[in-house]
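Accompanying notes for the structure given below.
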Amino acid sequence: MNQDLLGVLVMFGLALGLALPLGRFLANVFRGDKNALDFLAPIERGIFRLAGIDANREMTWQQHLVALLIINLVWFVLAMAVLSTQGVLPLNPDHNPSMSPDLAFNTAISFLVNCNLQHYSGESGLSYLSQMVVITFLQFVSAATGIAAAVVIFNALQARTTEKLGNFYNYFLKCLTRLLLPLSLVIALILAFNGTPMTLAGKQELVTLQGDSVAVSRGPVAAMVAIKELGTNGGGFYGANSAHPLENPNYLTNVVENVALMLIPLAMIFALGFYLKRKRLAWMIFGVMTVGFVALLAPTVYYEMHGNPVISQLGVDQSLGALEGKEMRIGAAASAYWSITNTIISCGSVNSMHDSFMPLSGLCQMLGMMTNAFYGGCGVGLLNFFAYLIIAVFIAGLMVGRTPEFLGKKIEAREMKIAVIVTLLHPLLILAGTAMTAHLYAGNPTEYASWLANPGFHGFSEMLYEFTSASANNGSGFEGLGDNTPWWNISTGVVLLLSRFLPIIGPVAIAGLLARKKVVPESAGTLPADTATFGVMVLAVIVIIAALAFFPALALGPIAEHFSLY
């Protein structure tokens, strides 16, 4: 047990230790300062010339959003075209068929928005061409999109008055050339040398120890898994994701993949501090997020390491923890740790089946996505947190009888309205989607029987988890849910679109409005935004607005299921 917990501490320590220097490096890259990868500048200039883009032209916040939305639309059309015709396209040695229109729509949207909700089984649902041209490609560009949007916020929070907030294409390309591609190459090499396939050959016939002949799926797995984790995407090459022994062969690869999925979200927090020269602000944000993370992690590790009381009553030894749905090579503690890191970070990759976790562990996984403010995905984690910051500043300012200010910029009605809309959109999408689906199922459980493998409390949790995962751009799921149907594909696809782009548009708009305002000099009455006291205020806002909104739904699902076990 002590070794299992030590492994958890080592993974977090490695992620934090690497995130600090990476944050400094990213701040240098985005500011345009000298850095170790400046030798890539000629290649970047060549790409800009080829695309006809002036990377030195500064953009307003509106121009940033227009550029972001247009290129995302182009990628969506490309993805839909390939997925709908993959059955007749090359690089399909296993002869996987083309996707139906509703499944292609869901898949294209899901990977476009960095969610990677998979209503198909990876190795049998996609050709190698789709895995590379659609899935792997979108995992790179969706991560870079989120980071570039966050840099716009960095620019807006500087102590100056301006409408110009840098160049979106410049930030986007540098995210790819100086961050995602180099680190993905390193991670892919580690995975390949540990047994993860990297080939264009089709299935390999093998004879098992029992003498059975099986066909083992292969493909360009290592490259896809590397960016899956690093870009906080989460979509697996195989249906079992990182629980598959070829996608995550051993404990070393488990550590590498988990550190990779935490690395950029942590680094972006410190990059903000270095970029604005406000390190205390970065540590305050890190502290609030880490408190929320630990509050969700501790009960999950506890319940998974102590096993299921119903199984214990059968006389089954559970000294190794609740191992249903988990891999022995990874263990209960590391599986529990991954389940929380990937749900708070909106990565969605899994090294175990969340559907088999203890009820309160499932509750913590869902709460990580429902709050959607602890670390978060590449770039967008800070965007979500930024909305809560604005609300906390506004409330705190009213409490002390002053005009609310954040980093020298006054928070007024327009910024507050946008922040409230963004924060309330998340529970609206989750609860409305779950309510409509529960109504459909309750009205005709025979027709929709294939939806739920486990009716009752857990069945409700499966539906709630699916919409939570879609709205949080996470992508993991309770896999007792039969989700490859027109209703699930279309309903979650709509949620995916709204929950990705509106929470980007809102914070970027707030940032643009703040950047135009005059800087107010600090005085004795200024509320410091980098103190532990203000951190407690932000955490309280997150708990009250985000977590409590979901309590009735959680009471009907995981909480009721928990008490049914005792």
Side-chain angles (χ1 to χ4, degrees), residues 25-78 112 114 137-138 140-182 264 268 271-272 274-277 378-380 382-383 386 407 409 414-415 418 500-519:
F25 169 77
L26 291 177
N28 290 338
V29 168
F30 297 138
R31 275 200 306 255
D33 297 344
K34 289 184 177 180
N35 59 81
L37 296 185
D38 277 342
F39 66 88
L40 295 171
I43 298 174
E44 294 163 351
R45 288 194 294 268
I47 294 173
F48 285 132
R49 279 197 298 270
L50 185 64
I53 293 173
D54 180 6
N56 295 317
R57 181 177 67 90
E58 298 236 352
M59 296 178 171
T60 64
W61 66 269
Q62 296 98 326
Q63 290 170 328
H64 276 278
L65 290 176
V66 169
L68 184 153
L69 293 173
I70 288 176
I71 59 175
N72 273 266
L73 178 60
V74 172
W75 297 332
F76 171 71
V77 173
L78 169 67
L112 178 75
N114 198 246
F137 169 75
L138 288 180
F140 274 101
V141 297
S142 64
T145 297
I147 297 171
V151 181
V152 178
I153 304 291
F154 291 6
N155 274 330
L157 294 180
Q158 295 184 87
R160 59 175 183 166
T161 301
T162 182
E163 289 191 356
K164 302 299 183 180
L165 301 173
N167 185 283
F168 174 81
Y169 297 110
N170 183 40
Y171 299 142
F172 173 77
L173 183 61
K174 286 182 177 179
C175 288
L176 294 171
T177 57
R178 305 196 183 197
L179 175 64
L180 297 175
L181 282 167
I264 294 178
M268 287 298 290
L272 172 66
F274 289 121
Y275 194 94
L276 299 178
K277 296 181 173 58
C378 283
V380 294
L382 278 177
L383 297 183
F386 180 60
L407 301 185
K409 302 295 181 74
R414 286 185 299 176
E415 295 84 29
I418 296 171
R500 167 68 168 184
F501 293 110
L502 291 181
I504 287 179
I505 293 171
V508 170
I510 293 173
L513 294 172
L514 292 179
R516 295 174 178 175
K517 297 183 179 184
K518 293 182 179 180
V519 179

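Among residues at least two apart or in separate chains, there is no salt bridge (Lys or Arg N to Asp or Glu O under 4.0 Å) pair with a member in residues 148-161. Sorted by first and then second residue, the ring pair (Phe, Tyr, Trp, His ring centres under 6.0 Å) pairs with a member in residues 32-59 form an empty list; sequence neighbours excluded. Legend: side chain to side chain donor-acceptor pair (under 3.5 Å) pairs involving residues 502-517, not counting sequence neighbours, sorted by first then second residue: Glu412-Lys517, Glu415-Lys517. Among residues at least two apart or in separate chains, side chain to side chain donor-acceptor pair (under 3.5 Å) pairs with a member in residues 34-57 are Asn35-Asp38, Asn35-Arg178, Asp38-Arg178, Glu44-Thr177, Glu44-Arg178.
Checking side-chain atoms of His64 against main-chain N and O of Leu165 turns up a donor-acceptor pair under 3.5 Å. Listed for the Lys409 side chain is a donor-acceptor partner under 3.5 Å among the backbone atoms of Leu514.
Side-chain contact between Trp75 and Phe137 is present, with heavy atoms from C-beta onward closer than 4.5 Å. A heavy-atom distance below 4.5 Å is not found between the side chains of Asn28 and Phe274.
Residue Thr161 comes nearest to Val519 through the heavy atom pair OG1-N, 3.9 Å, listed as atom of the first residue, atom of the second, then distance. Contact between Ile153 and Ala511 at its shortest, heavy atoms only, is CD1-CB, 3.4 Å. Taking each heavy atom of Tyr169 and Ala67 in turn, the nearest pair found is OH-CB, 3.3 Å. Between Met59 and Phe168 the shortest heavy-atom distance is SD-N, 3.6 Å. Scanning all heavy atoms of the two residues, the minimum distance from Ala150 to Leu383 falls at CA-CD2, 4.1 Å. Between Ala27 and Ala271 the shortest heavy-atom distance is CB-O, 3.8 Å.
Shown here are the ring-ring contact (aromatic ring centres under 6.0 Å, His included) partners of Tyr275, two or more places apart in sequence or in another chain: Phe154. For Gln158, the side chain to side chain donor-acceptor pair (under 3.5 Å) partners are Asn155, not counting sequence neighbours. The side chain to side chain contact (heavy atoms under 4.5 Å, CB included) test applied to Ala144 returns Phe172, Cys175, Leu176, Leu180, not counting sequence neighbours. Evaluation of the side chain to side chain donor-acceptor pair (under 3.5 Å) rule for Gln62 yields Thr60 as partners, not counting sequence neighbours. Take Arg31 and apply the salt bridge (charged side-chain N to carboxylate O under 4.0 Å, His left out) test, not counting sequence neighbours, and it matches Asp33. Listed by chain and number, the residues in a side chain to side chain donor-acceptor pair (under 3.5 Å) with Thr145 amount to none (sequence neighbours excluded).
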Would you list the atom pairs, donor with acceptor, under 3.5 Å between side chains in residues 502-509 and any protein atom, with sequence neighbours excluded?
none

**Request:** Just do the side-chain contact (heavy atoms from CB on, under 4.5 Å) check on Leu179 and Lys174 with the steps written out, would you?
**Result:** CA-CA 7 Å; Leu179 175 64; Lys174 286 182 177 179; over 6 Å; no

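For the atom pair CG (Leu513) and CD1 (Ile418), the distance works out to 5.5 Å, reported to the nearest 0.5 Å. Taken to the nearest 0.5 Å, the CG atom of Leu276 stands 6.5 Å off from the CG atom of Leu407. Note that CZ of Phe25 is 4.0 Å distant from CG of Leu37, once rounded to the nearest 0.5 Å. Considering CG of Leu26 and CZ of Phe30, their distance stands at 5.0 Å, rounded to 0.5 Å.
In summary, of the residues considered (Ile70, Leu69, Leu68), a side-chain contact (heavy atoms from CB on, under 4.5 Å) with Asn72 occurs for Leu68 alone.
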